[in-house]
Amino acid sequence: MYQIVAKEDVTPQIHLLEIHAPDVAKKAQAGQFVVIRLDEKGERIPLTIADWNRQKRTVTVVFMEVGKTTRKLANVKAGDSIANFVGPLGRPTRIEKSGTVVCVAGGFAIATIVPIARAMKQAGNRVISIMGFRTKALMFWEDRLRRFSDQLIITTDDGSYGREGVVTVPLKELLEGTQKIDRVIAIGPTVMMKFSSITTLPFGVDTVVSLNPIMVDGTGMCGVCRVTVDGAVKFTCVDGPEFDGHKVDWDELMARQRTYLDEEKRSLEMWQQEQAGG
Amino acid sequence: MAKLDLNRVPMPKQEPEARSENYDEVALGYSDEEALAEANRCIQCKKRPCVQGCPVGVDIPEFIDALRNNDMPEAVRSLKAKNALPGVCGRVCPQETQCEEVCTLAKKGAPMAIGRLERYVADWELNHQNDSNREVAPATGSRIAVVGSGPAGLTAAADLAKRGHQVTIFESLHVAGGVLMYGIPEFRLPKRIVQAEVDYVRSLGVEIKLDSVIGKTLTVDELQEVGYDAVFLGTGAGLPMFLNIPGENLNGVYSANEFLTRINLMKAYLFPEYDTPIKVGKKVAVIGGGNVAMDAARCAVRLGAGEVHIVYRRSRNEMPARLEELENAEEEGLIINLLTNPLRFLGNDQGWVYGMECIEMDLGEPDDSGRRQPMPREGSDFIIDVDTVVVSLGTSPNPLVPSATEGLNTTKRGTVIIDEGTGKTTKAKVWAGGDIVTGAATVISAMGAGKRAAASIDAYLQGK
Ligand SMILES: Cc1cc2nc3c(=O)[nH]c(=O)nc-3n(C[C@H](O)[C@H](O)[C@H](O)COP(=O)(O)OP(=O)(O)OC[C@H]3O[C@@H](n4cnc5c(N)ncnc54)[C@H](O)[C@@H]3O)c2cc1C
Ligand SMILES: Cc1cc2nc3c(=O)[nH]c(=O)nc-3n(C[C@H](O)[C@H](O)[C@H](O)COP(=O)(O)OP(=O)(O)OC[C@H]3O[C@@H](n4cnc5c(N)ncnc54)[C@H](O)[C@@H]3O)c2cc1C
Ligand code: SF4
Ligand code: SF4
Ligand code: FES
């Protein structure tokens, strides 16, 4: 069992858990993920490592409520325990001095991009960050990302904060501008990563994305996380999760993410009825 | 039932109509009377050929004799002295090519039903909470790390613990048991049997650390640095192979590993009580002809698929599946398409598979494996409608541990190279055995490898 040391509601739908997991805390690096399972009947779900504290031997994850497991996880309190917590999985982000790096993040992935921006900054890069949200109420961690960014741009779809529009607009402006951009790291919902990659393609700028297909084991055993990159089949959990965004077969990935839509809906509805009843 | 020799006491089974709708065990086990009648057939051969046929050397005549003398604790003790997982082996060992093949009575047409008796003794123990064989030698102070909790790792751990060493198993999944838990379905091997045998290994003082992916959470070098005197690698052959044909990533196309893991490990057959879903359509094609394909197909039947096909590119003679499993599967209504090879999968605009283009095959000259090589018959392509496909072409060792372990050499197939006599790898103080060395094989051969490595590790530790 793994104990929850702290819980924070970052926004009404996005939550942070700091979990006591000494082995994972010792090894965690930016860009890696864990697989968790709440209880005996639970599903195994992957979550990116948002932070770690080697002294306290804890690992932090930030997640958004989307289905049954993430909603159940949102009910967990400090002091409670979850059944399984395994990691760190996947390859860490390639951290090197490339010059100017643009970190683009959408929604819950702000939490994922913070340790990457931090590592990029520490490696001596100039870091420009772009964070995008649907609306101001869903925004979080502006201060944290700003700490590791030489420049920070915020967008909201409805214009309630920062610039109105999606992240690809300022991204394109940066690419067209005078400063040389050496690398782009885009993490967030699949469509956002797809369009960020399409935006950078004509400029030939190295673009890294972190894919989130459905997973089960997270160790290369089941193959459900397979994606096509540059015409070859890769297992996201062991070969990724980061890949060259210009080479990912996005439409295939998006179709595969929809595999269990009906079942997920049914599972969530049944759980909600149970909650309401009991 | 004409195929079963009447001289052997038959094993009662659930009827096909009933069992294809439930997940309960198909073979029901002997009653006391049946077990005694079968045990009484053994002629207690002086030369004990049956023992030679068993990769772990179970003292077969002795345990059978104890059984018929109604000394069940002794039967258990005798069996467990050599085999830490008798309830598993009694159910899934391919006995017909091992102990039973060389049984003296086989020459007379009907070998002893050794596996069934083994199962009977193991089940008796489970129901009688016997603890006659927990003898452990005095502590030696040596620490051993076993990586992987499949049959190879469990056996190595049990043998080493019995010799007084302190053993920790590191397992990446959330339960111990390896393929016994995630691969072989409940209706052939109930998970409570596996867990009872895992608990037995624990009761010998073995610690099992779950959620520990070696190569990620900890590396083999780190295990050595923190003071493990020896490491045994039993990580199996868990990497699924694919056909590498167009459309293989369509929705509805599973690897056998994913399909079986969802069902067995995650209990998707109990969805939505359990959270992990599985989607099985009306017409399922399982590609491959081995035991794994049979298991996947029989799971699909139980999940309510209207029609389940096995698609295999050679003929029935070359099928690697056990005859008994093939018969069980056919009784449950499976349709077998032989000499058929898929060329590509067809998908709709939502990315779901709806069909499979296949070609008919002819058998040509024998290949390296001695099996006749299938050759496509020009112009014979046709399309089968399917909405679910399970690709079951076999597995190879997962490269996670070898790629993170300097000095551990592997073959081109990805299997770890060992010294045949001892199980020693090319890396100092590291042994390996089971599917990681042989590629996908059997439970009992993995156990034999675990035993061999345990003996070698013990000799090494004593010589230190
Ligand atoms: C490497 C990786 C890192 C991730 N990191 C984070 C993170 O840091 N924070 C976060 O909020 N989410 C993250 N996700 C997504 C997260 O795993 C899913 O939101 C979660 O599994 C949904 O579970 P559920 O039961 O609540 O929803 P479900 O009802 O199961 O599904 C709702 C939605 O989530 C998707 N989904 C379902 N199961 C999975 C699965 N096993 N893996 C991925 N997506 C799935 C479905 O396509 C669907 O759109 C990550 C995914 C991957 C692969
Ligand atoms: C569906 C199916 C049906 C089968 N039916 C039969 C049958 O009827 N009879 C028979 O004799 N054989 C059968 N087999 C084959 C048999 O199950 C295997 O040969 C046997 O389990 C191999 O044992 P093992 O200990 O080498 O590996 P496994 O059983 O594969 O166990 C390896 C363990 O190591 C763990 N592991 C892997 N990597 C790591 C890591 N990096 N760190 C930590 N842990 C790790 C895995 O999670 C797993 O638990 C079947 C196989 C399958 C898939
Ligand atoms: S373990 Fe397998 S091979 Fe050995 S005696 Fe038992 S059934 Fe036969
Ligand atoms: S060979 Fe057959 S008959 Fe002879 S001792 Fe062994 S089991 Fe009994
Ligand atoms: S999640 Fe199973 S192989 Fe990647």
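Here the structure is a predicted model, which means the values were calculated and not measured. To find a chain, count down the sequence lines: A is the first, B the second, and so on, and within it residues start at 1.
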- Whether B/Asn398 side chain and A/Thr219 backbone form a donor-acceptor pair below 3.5 Å: yes

- Query: Shortest non-hydrogen contact from A/Gly220 to B/Pro240?
  - Reply: O-CD, 3.8 Å

- Among A/Asp217, A/Asn84, A/Val35, A/Ile36, the one residue meeting side chain to side chain contact (heavy atoms under 4.5 Å, CB included) with B/His174: A/Asn84

- Query: Near B/Glu273 CD, under 6.0 Å, is it more than 12 heavy atoms from other residues, nucleotides or ligands?
  - Reply: yes

- Report yes or no: does A/Arg226 contribute a side-chain atom to a donor-acceptor pair with the main-chain N or O of B/Glu248 at less than 3.5 Å? yes

- Message: Looking at chain B, which one of A/Arg258, A/Glu43, A/Glu264, A/Met221 has the largest number of heavy-atom pairs inside 4.5 Å, strictly under?
- Response: A/Met221

- Query: Of the non-hydrogen atoms in B/Gly351 and A/Ala255, which two are nearest, and what is the gap between them?
  - Reply: CA-CB, 4.4 Å

- Task: Could you tell me which portion of B/Thr217 (side chain, backbone, both or neither) has an atom closer than 4.5 angstrom to a non-hydrogen atom of chain A?
- Result: both

- Heavy-atom pair count under 4.5 Å with chain B, highest-scoring of A/Gly90, A/Ala83, A/Gly218: A/Gly90

- Measuring heavy-atom distances to chain A, does B/Leu218 have an atom under 4.5 Å in its side chain, in its backbone, in both, or in neither? backbone

- Message: Tell me if the NZ atom of B/Lys279 is crowded by more than 12 foreign heavy atoms within 6.0 Å.
- Response: yes

- Assert top hit (heavy-atom pairs under 4.5 Å, partner chain A, pool B/Leu173, B/Leu400, B/Leu250) equals B/Leu173

- Task: Identify which part of B/Thr219 has an atom lying under 4.5 Å from any heavy atom of chain A, answering side chain, backbone, both or neither.
- Result: both

- Item | Interface moiety of B/Val175 toward chain A, non-hydrogen atoms closer than 4.5 Å | neither

- Query: Which heavy atom of B/Asp211 sits nearest a heavy atom of A/Tyr2, and at what distance?
  - Reply: OD2-OH, 2.9 Å

- Closest heavy-atom contact between B/Asn249 and A/Val233? ND2-CG2, 3.9 Å

- Query: Is it the side chain or the backbone of A/Ala28 that comes within 4.5 Å of chain B heavy atoms, both, or neither?
  - Reply: neither

- Message: Is A/Phe235 close to chain B through its backbone or its side chain, or both, or neither, when contacts mean heavy atoms under 4.5 Å?
- Response: side chain

- Item | Toward chain B, the part of A/Val224 with a non-hydrogen atom under 4.5 Å | both

- Note on the structure: Whatever's closer than 4.5 Å to a heavy atom in chain A on B/Lys267 counts as neither

- How close do B/Trp352 and A/Thr259 get, heavy atom to heavy atom, and via which atoms? CZ2-O, 3.4 Å

- Message: Let me confirm one number: the CG-CG distance from A/Asp39 to B/Asp275, rounded to the nearest 0.5 Å.
- Response: 6.5 Å

- Item | Which of A/Met254, A/Arg44, A/Lys72 touches chain B most, by non-hydrogen pairs under 4.5 Å | A/Arg44

- Name the region of A/Leu268, side chain, backbone, both or neither, that has any atom closer than 4.5 Å to a heavy atom of chain B. neither

- Message: Under a 4.0 Å threshold between the charged nitrogen and the carboxylate oxygen, would A/Lys26 count as salt-bridged to B/Glu222?
- Response: no

- Proximal component of B/Leu260, with respect to chain A [non-hydrogen, under 4.5 Å]: neither

- Query: Among A/Glu263, A/Lys41, A/Arg266, which one satisfies side chain to side chain contact (heavy atoms under 4.5 Å, CB included) with B/Pro272?
  - Reply: A/Arg266

- Message: Before you tell me yes or no, could you show the steps for B/Met266 and A/Arg37 under side-chain contact (heavy atoms from CB on, under 4.5 Å), namely the whole-Å CA-CA distance, both residues' side-chain angles and the distance that decides it to 0.1 Å?
- Response: CA-CA 11 Å; B/Met266 305 311 298; A/Arg37 194 177 69 125; 4.2 Å; yes

- Which atoms of A/Met270 come close to chain B, meaning under 4.5 Å heavy atom to heavy atom: side chain ones, backbone ones, both, or neither? side chain

- Task: Identify which part of B/Phe242 has an atom lying under 4.5 Å from any heavy atom of chain A, answering side chain, backbone, both or neither.
- Result: side chain

